[in-house]
Novice: 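One structure is given below, represented as structure tokens, and several questions about it will come after.
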Amino acid sequence: MKRRAALALLALAAGCHSPEPAAPSSSSLVPAAVREEALATARVWRRPATPIAQANFRDNPAGPSSFPVTTEIACRFTMELPSGTTPKFYCALDSGEVVKVKYGRSNPELAAEVAATRLLDALGFPVDHMYVTASVRCRGCPPFPFTALQCVARTGMKSACLVGTDADHVVIFPGAVIERRLPGRRIESSTDQGWSWFELDRVDPSRGGSPRAEIDALRLVAMLLAHWDNKGANQRLLCPEGQDRDDGSCAAPLLMVQDLGATFGPLKIDLHNWRTVQMWEDRAACRVSMKALPFDGATFPAHRVSEEGRQLALSLLRQLTWAQLATLFEHSGVTRFDHLVGDAHDANAWVAAFMAKVDLLSEGPACASAAELTARGE
């Protein structure tokens with residue numbers, strides 16, 4: 001009886017049409033020495049093209065392929081397996097461009113990543129672009145695409161995992177978010193290597209890499225966001241388009257944060273606990289640490305921040321206005337997240353918490369200079 005049932009299931013699976021697999025995105029691995037050179041010469045910050053006080057947090061990122069936040073996007077499902085644990089899938093637009101779609105009304109990472117990427121982009125730190133939609137209409141999608149793709153990855157049984165999928169059937173994902181990656185080539189010597197926060201100490205300004213002020217400013221903004229899910233794969237060492245040299249090296253590599261969904265928490269969009277996350281582990285020593293956050297800070301070790309880094313972070317953050325930040329938290333979807341309680345539905349409460357963290361950066365005596373810390377090997 002069990003054998004007949006199994007054969008029937010396989011027959012059903014065989015008769016079910018499933019979408020053709022898409023070629024997975026990849027990057028050619030480079031020797032470790034090539035990656036080390038890129039890391040040493042990489043930058044973490046670029047002066048924003050738009051003055052920070054004029055940054056638009058209401059609309060999707062500008063550009064020729066942008067669209068209003070009220071747009072319903074149509075696409076066709078692809079079989080490329082996304083990484084991570086957040087429900088997502090890749091989908092081909094009518095133009096042929098393949099984008100990542102993140103979905104789920106109960107998923108706090110959607111709004112968190114929209115808010116965090118727009119903030120970092122406005123401040124000048126390179127990130128991917130996130131687009132809010134009214135909905136995504138996916139042709140050929142399984143009802144639960146992320147689960148189906150995980151099933152395929154674990155078992156290799158594409159037909160069985162996609163039973164019931166029809167190439168012309170449309171599944172609608174309300175409020176889904178589309179991710180477009182910053183163009184460029186990943187610089188990795190092993191698959192999904194990315195970069196870890198402790199590797200920032202290997203950036204060398206004497207070789208063209210970011211000065212300590214920019215790196216320390218990035219660390220402080222990461223503390224403000226409580227970006228605890230900072231494993232190497234959640235950052236990218238990138239060679240931007242047009243920066244590849246003939247010998248395979250990169251003229252202007254970037255260190256960017258790739259996945260910012262686990263922010264404003266540490267439990268992801270959790271105002272009460274976000275308020276309590278301290279900016280400093282030791283203010284007198286100007287030391288920051290994520291030791292108290294999940295995974296004991298992951299790849300983000302305790303680090304002494306330079307005065308130049310503190311002042312750069314303050315100079316960037318203080319340009320943001322209350323009205324801008326209220327727009328950021330409202331239009332990213334942070335205040336509309338269903339599982340919020342109390343004043344977390346009020347954008348002004350989020351802005352007050354944000355401003356309080358900036359105030360904590362400004363209080364107290366000056367930190368040691370970058371030159372002093374470098375001389376002491378810190």
Side-chain angles (χ1 to χ4, degrees), residues 25 46 48-50 52 55-73 75 80 82-93 95 97-136 138 145-146 173-184 194 221-222 224-227 229-230 233-236 238 240 254 256-265 268-269 320 324-325 327-337 347 350 354:
S25 61
R46 303 176 292 188
T50 300
I52 294 173
N56 176 9
F57 293 137
R58 180 180 298 272
D59 302 318
N60 282 328
S65 56
S66 187
F67 51 84
V69 298
T70 54
T71 304
E72 183 175 68
I73 298 297
C75 62
E80 181 178 350
S83 60
T85 59
T86 301
K88 62 181 84 72
F89 59 93
Y90 287 97
C91 212
L93 305 179
S95 65
E97 178 190 7
V98 176
V99 296
K100 184 186 291 182
V101 178
K102 297 187 175 183
Y103 65 95
R105 287 194 177 277
S106 62
N107 182 0
E109 293 194 20
L110 273 62
E113 192 162 16
V114 170
T117 54
R118 290 184 182 179
L119 176 67
L120 284 181
D121 188 47
L123 297 177
F125 299 103
V127 289
D128 296 324
H129 283 168
M130 309 299 297
Y131 298 79
V132 175
T133 74
S135 61
V136 168
C138 176
F146 188 60
F173 299 90
V177 170
I178 285 177
E179 174 187 298
R180 282 190 169 112
R181 288 200 163 188
L182 189 65
V221 173
L224 186 151
L225 294 172
H227 172 52
D229 191 8
N230 53 62
N234 279 353
Q235 289 84 231
R236 291 204 310 278
L238 185 75
L254 290 176
M256 59 169 290
V257 182
Q258 167 176 301
D259 191 333
L260 286 153
T263 46
F264 302 105
K268 305 176 185 179
I269 306 189
L320 295 164
Q324 273 182 302
L325 290 168
T327 298
L328 174 70
F329 288 114
E330 180 180 352
H331 288 268
S332 63
V334 166
T335 57
R336 299 192 302 275
F337 182 56
W350 286 93
F354 186 103

Novice: Could you tell me which residues satisfy side chain to side chain donor-acceptor pair (under 3.5 Å) with His331, sequence neighbours excluded, listed by chain and number?
Specialist: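 For His331, the residues satisfying side chain to side chain donor-acceptor pair (under 3.5 Å) (neighbours in sequence not counted) are Arg58.
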Novice: Distance check, rounded to the nearest 0.5 Å: Asn234 atom CG versus Ser83 atom OG?
Specialist: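 If I round to the nearest 0.5 Å, the distance is 8.0 Å.
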Novice: Return the set of residues passing side chain to side chain contact (heavy atoms under 4.5 Å, CB included) with Thr50 (not counting sequence neighbours), or none when no residue passes.
Specialist: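 By the side chain to side chain contact (heavy atoms under 4.5 Å, CB included) rule, Thr50 matches Gln54.
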Novice: Measuring only between side-chain heavy atoms, which start at C-beta, is Tyr90 closer than 4.5 Å to Val101?
Specialist: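 Tyr90 does not reach Val101 side chain to side chain.
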Novice: Please list every donor-acceptor pair under 3.5 Å in which a side-chain atom of residues 256-265 meets a protein atom from a residue at least two apart or in another chain.
Specialist:
| residue | atom | partner | partner atom | Å |
| --- | --- | --- | --- | --- |
| Gln258 | OE1 | Arg236 | NH1 | 3.1 |
| Gln258 | NE2 | Ala233 | O | 3.0 |
| Asp259 | OD1 | Gly261 | N | 3.1 |
| Thr263 | OG1 | Leu260 | O | 2.7 |

Novice: Mind checking ring pair (Phe, Tyr, Trp, His ring centres under 6.0 Å) for Tyr131 and listing every partner two or more places apart, or none if nothing turns up?
Specialist: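 Testing Tyr131 for ring pair (Phe, Tyr, Trp, His ring centres under 6.0 Å), a comparison that skips the adjacent residues, returns Phe67.
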Novice: Which atom pair, heavy atoms only, marks the closest approach of Glu80 to Pro82?
Specialist: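 Looking at all heavy atoms of both residues, the closest pair is O-CD, 3.3 Å.
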Novice: Atom CG in Leu238, atom CG in Leu182: separation rounded to 0.5 Å?
Specialist: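 Leu238 atom CG to Leu182 atom CG measures 5.5 Å (nearest 0.5 Å).
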Novice: Going by side chain to side chain donor-acceptor pair (under 3.5 Å), name the residues that satisfy it together with Ser66, two or more places apart in sequence or in a different chain.
Specialist: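 Side chain to side chain donor-acceptor pair (under 3.5 Å) check on Ser66 returns nothing, list empty.
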Novice: Which is it for Leu123 and Leu320 under the side chain to side chain contact (heavy atoms under 4.5 Å, CB included) test, yes or no, and what are the steps along the way?
Specialist: CA-CA 9 Å; Leu123 297 177; Leu320 295 164; 4.1 Å; yes
Novice: Taking the SG atom of each, are Cys91 and Cys138 under 2.5 Å apart?
Specialist: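 No, the SG atoms are not under 2.5 Å apart.
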Novice: Measure the shortest side-chain to side-chain distance between Tyr103 and Pro174 over non-hydrogen atoms and say whether it is less than 4.5 angstrom.
Specialist: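 A side-chain contact under 4.5 Å is absent here.
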Novice: Using a 3.5 Å distance criterion without hydrogens, assess whether the side chain of Thr133 forms a donor-acceptor pair with backbone atoms of Ala176.
Specialist: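 Present.
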Novice: Using the side chain to side chain contact (heavy atoms under 4.5 Å, CB included) criterion, which residues pair with Ala111? Sequence neighbours excluded.
Specialist: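 With neighbours one apart ignored, the set is Ile269, Val334.
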Novice: What are the two closest heavy atoms between Phe146 and Gly84, and how far apart are they?
Specialist: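 So the minimum-distance heavy-atom pair works out to CZ-O, 3.4 Å.
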Novice: If we only count heavy atoms from C-beta on, is the Phe329 to Leu119 side-chain gap below 4.5 Å?
Specialist: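 No, too far: nothing below the 4.5 Å cut-off.
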Novice: Verify salt bridge (charged side-chain N to carboxylate O under 4.0 Å, His left out) between Glu97 and Arg180, making sure each step is shown before the conclusion.
Specialist: CA-CA 10 Å; Glu97 178 190 7; Arg180 282 190 169 112; 2.7 Å; yes
Novice: State, to 0.1 Å, how close Pro61 and Met130 come at their nearest heavy-atom pair, and which atoms those are.
Specialist: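 Nearest pair, atom of Pro61 first, then Met130: CD-O, 3.3 Å.
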Novice: For Asp59, what residues pass the side chain to side chain contact (heavy atoms under 4.5 Å, CB included) criterion, not counting sequence neighbours?
Specialist: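 Only Asn56 meet the side chain to side chain contact (heavy atoms under 4.5 Å, CB included) criterion with Asp59.
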Novice: Is any side-chain heavy atom of His227 closer than 4.5 Å to one of Asn230?
Specialist: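 Heavy-atom side-chain distance check passes, below 4.5 Å.
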Novice: Roughly how far apart are Lys88 NZ and Leu110 CG, rounded to 0.5 Å?
Specialist: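 One finds 10.0 Å between NZ of Lys88 and CG of Leu110.
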Novice: Of the non-hydrogen atoms in Ile52 and Ala122, which two are nearest, and what is the gap between them?
Specialist: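 That closest heavy-atom pairing would be CG1-O, 3.3 Å.
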Novice: Kindly write out the residues that satisfy side chain to side chain contact (heavy atoms under 4.5 Å, CB included) with Ser135, not counting sequence neighbours, or none if the list is empty.
Specialist: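 In terms of side chain to side chain contact (heavy atoms under 4.5 Å, CB included), with neighbours along the sequence ignored, Ser135 is linked to Glu72, Ile172.
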Novice: Tell me, please, which residues at least two apart from Phe337 pass ring pair (Phe, Tyr, Trp, His ring centres under 6.0 Å).
Specialist: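 Ring pair (Phe, Tyr, Trp, His ring centres under 6.0 Å) check on Phe337 returns His339.
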Novice: Listing request: all side-chain hydrogen bond (donor to acceptor under 3.5 Å, both in side chains) pairs with a residue in residues 109-121, at least two apart in sequence or in separate chains.
Specialist: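 Every pair satisfying side-chain hydrogen bond (donor to acceptor under 3.5 Å, both in side chains) with a residue in residues 109-121: Asn60-Arg118, Thr86-Glu109, Lys102-Glu113, Glu109-Lys268.
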Novice: Go through it in stages, so that I can follow the logic: the residues are Ser332 and Val132, the test is side chain to side chain contact (heavy atoms under 4.5 Å, CB included), and I'd like the CA-CA distance, side-chain angles, deciding distance and then a yes or no.
Specialist: CA-CA 8 Å; Ser332 63; Val132 175; over 6 Å; no
Novice: Compare all side-chain heavy atoms of His129 with those of Arg181 and state whether any distance is below 4.5 angstrom.
Specialist: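 No. Closest side-chain heavy atoms not under 4.5 Å.
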